[in-house]
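Working notes, structure below.
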Amino acid sequence: MSSAEQTRDGVSLTNLDQPLAPDAGASKRDLVDYLDAVHGRLLPWLRGRPLSVVRVLRGQAPFMQKNLPKYTPDWVRRTSVWAEASHRDVSYALCDDRRTLLWFANQRAVEYHPTLSTVDRPGHPTDLVLDLDPPEGADFGVAVAAARLVRQALADVGLAGAVKTSGAKGLHVLVPVDGATSAEEAAAATRALAVRAERLDPALATTAFIREDRGGRVFVDSTRAGGASLVAAFSPRLRPGLPVSYPVGWDDLDAVVPADFTVRTVPALVADRDPWAGLLPPPQPLPADLVEQGRGIPVARVQAMHEGRRRARARRAAQSP
DNA sequence: GTTAAAG
DNA sequence: CTTTAACAACGCTGC
DNA sequence: GCAGCG
Ligand SMILES: [Mn+2]
Ligand SMILES: [Mn+2]
């Protein structure tokens with residue numbers, strides 16, 4: 001019988017037989033074994049990038065963790081980043097090796113969300129991301145159709161991308177960009193590409209930031225840029241069955257659903273080959289006119305803020321006599 | 001999961 | 001000594 | 001510091 005405790009790569013693993021979460025359908029051991037099985041594929045996406053994780057402790061609500069706990073072992077590499085929002089330094093982990101990944105696994109860290117730039121080159125993202133979020137209850141097929149719009153928009157400006165499932169209901173289109181690309185340029189180009197995709201089929205895709213305004217269309221989310229993080233390929237998601245964010249070839253999109261890729265199925269898929277092989281284009285320079293177009297696109301969030309602010313004020317006025 | 005305070 | 005509680009997010013944008 | 005969203 002396997003013990004509920006063990007040491008692996010010098011890391012103590014505890015309570016391995018406990019269920020991970022009520023609906024996860026997996027134990028803590030399942031999580032640890034999965035992460036260890038795929039560490040060779042996952043670590044390249046985590047290495048050198050400030051990391052956020054989603055943890056779930058027994059009987060508690062899941063939470064996102066950015067700042068490392070005080071008790072973190074000193075061999076976990078980290079980087080301190082000033083957070084404007086909370087006016088403090090946040091100590092982000094850099095998950096560079098198997099030992100650190102196993103430590104996070106024992107911490108019940110299920111989801112791994114690295115930033116788009118590495119600590120060596122802050123302000124220079126390695127990829128553009130077009131995040132496709134289908135509306136509530138929609139078929140996965142609409143996300144696939146929206147991804148094809150993005151692919152066409154990319155092709156129209158001479159760019160190429162690769163696609164992965166988010167692990168939840170949508171897709172992520174990744175566009176590797178060269179080292180000359182700044183965060184500002186990346187954000188602008190992403191905005192331009194999102195609008196171009198929307199224009200290719202406005203009945204299917206929308207760039208509306210406010211959910212109410214999306215009208216059952218797929219949200220082409222261009223806000224995964226700048227200081228944002230993105231769930232890594234091969235990271236599990238905290239949902240029933242522990243699905244995994246997983247690369248899919250453009251030609252295979254019609255043949256898969258996100259639930260095909262879980263902590264149970266993925267280890268066998270990656271054992272003898274890299275699923276990214278032949279899918280990820282090399283880093284590309286951004287066309288200057290695309291960046292310029294993006295700079296001219298107004299940010300929808302501003303309008304949203306004004307209206308929300310008014311609503312909140314009205315709410316307060318109605319409550320206090 | 002871990003630590004520190006309370007019982 | 002054992003139980004319980006507290007803790008664990010931020011970027012984006014403009015007002 | 002906040003709305004809205006991820
Ligand atoms: Mn998404
Ligand atoms: Mn999104």
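Everything numeric in this text was worked out from a predicted model, so none of it was measured. Reckoned from all heavy atoms, side chains included, excluding hydrogens, waters and symmetry mates. Throughout, protein chains are lettered first and strands after them, A, B, ... in sequence-line order, and every chain is numbered starting at 1.
- The separation between A/E184 atom CD and C/dG11 atom C1' is 16 Å, rounded to whole Å.
- When rounded to the nearest whole Å, the span between CZ of A/R58 and P of B/dT2 equals 15 Å.
- The distance between atom CZ of A/F209 and atom P of D/dA3, rounded to the nearest whole Å, is 13 Å.
- Of the charged side-chain nitrogens involved, at least one lies within less than 4.0 Å of a carboxylate oxygen, so that A/D33 and A/R8 count as a salt-bridged pair.
- A/F234 does not carry A/R41 over the face of its six-membered ring by the limits of under 6.0 Å from the centre and within 45° of the normal.
- In this structure, the CZ atom of A/R295 is 18 Å from the C1' atom of C/dT13, given to the nearest Å.
- Residue-to-nucleotide contacts include a donor-acceptor pair under 3.5 Å from the side chain of A/Q60 to the base of C/dA8.
- Residue A/A85 is in sugar-phosphate contact alone, with no base atom involved, counting any heavy-atom pair closer than 4.0 Å across all strands shown.
- Rounded to a whole angstrom, the distance from the P atom of C/dC10 to that of B/dG1 is 24 Å.
- Regarding A/W82, its CH2 atom lies at a distance of 11 Å from the P atom of C/dG11, rounded to whole Å.
- D/dG6 atom P lies 6 Å from atom CZ of A/F219, rounded to whole Å.
- Applying the 4.0 Å criterion to OP1 and OP2 of C/dC10, one finds that A/S52 has every side-chain N and O outside that range.
- Here the side chain of A/K66 is nearest to one of D/dG4, D/dG6, C/dC10, namely C/dC10.
- In this structure, A/E212 places its CD atom 16 Å from P of D/dA3, rounding to the nearest Å.
- Contact check, A/K28 against B/dG1: a side-chain N or O comes under 4.0 Å of OP1 or OP2.
- Between A/R239 atom CZ and A/E111 atom CD the span is 8.5 Å, to the nearest 0.5 Å.
- Of the candidates C/dC10, D/dG6, B/dG1, B/dG1 carries the atom nearest the A/L57 side chain, counting heavy atoms from C-beta on.
- In this structure, the NZ atom of A/K70 is 17 Å from the P atom of B/dG1, given to the nearest Å.
- Side-chain nitrogen and oxygen atoms of A/R55 include none within less than 4.0 Å of the OP1 or OP2 phosphate oxygen of B/dT2.
- Distances shown here put a side-chain N or O of A/R88 below 4.0 Å from the OP1 or OP2 atom of C/dA9.
- Considering only the side chain of A/Y71, B/dT2 comes nearest among C/dC10, B/dT2, C/dA8.
- The side chain of A/R211 contributes an N or O atom lying less than 4.0 Å from OP1 or OP2 of D/dG6.
- Nucleotides D/dG1 and C/dA9 have their C1' atoms positioned 16 Å apart, rounded to a whole Å.
- When heavy atoms are screened at a 4.0 angstrom cut-off, A/R191 is found touching no nucleic acid atom at all.
- A sub-4.0 Å separation between OP1 or OP2 of B/dG1 and a side-chain N or O of A/N15 is present.
- In summary, A/D96 and A/R49 do not engage in a salt bridge, as defined by a charged side-chain N under 4.0 Å from a carboxylate O.
- A salt bridge links A/R98 to A/D36: at least one charged side-chain nitrogen sits closer than 4.0 Å to a carboxylate oxygen.
- Picking from B/dT2, D/dG6, C/dC10 the nucleotide with the shortest atom distance to the side chain of A/Q107 gives B/dT2.
- Comparing atom distances between the A/F63 side chain and each of C/dA8, D/dG6, B/dG1 picks out C/dA8 as nearest.
- A/S229 comes within 4.0 angstrom of nothing in the nucleic acid, heavy atoms only.
- Counting only distance, with no hydrogens or angles, the side chain of A/S235 and the backbone of A/Y112 share a donor-acceptor pair below 3.5 Å.
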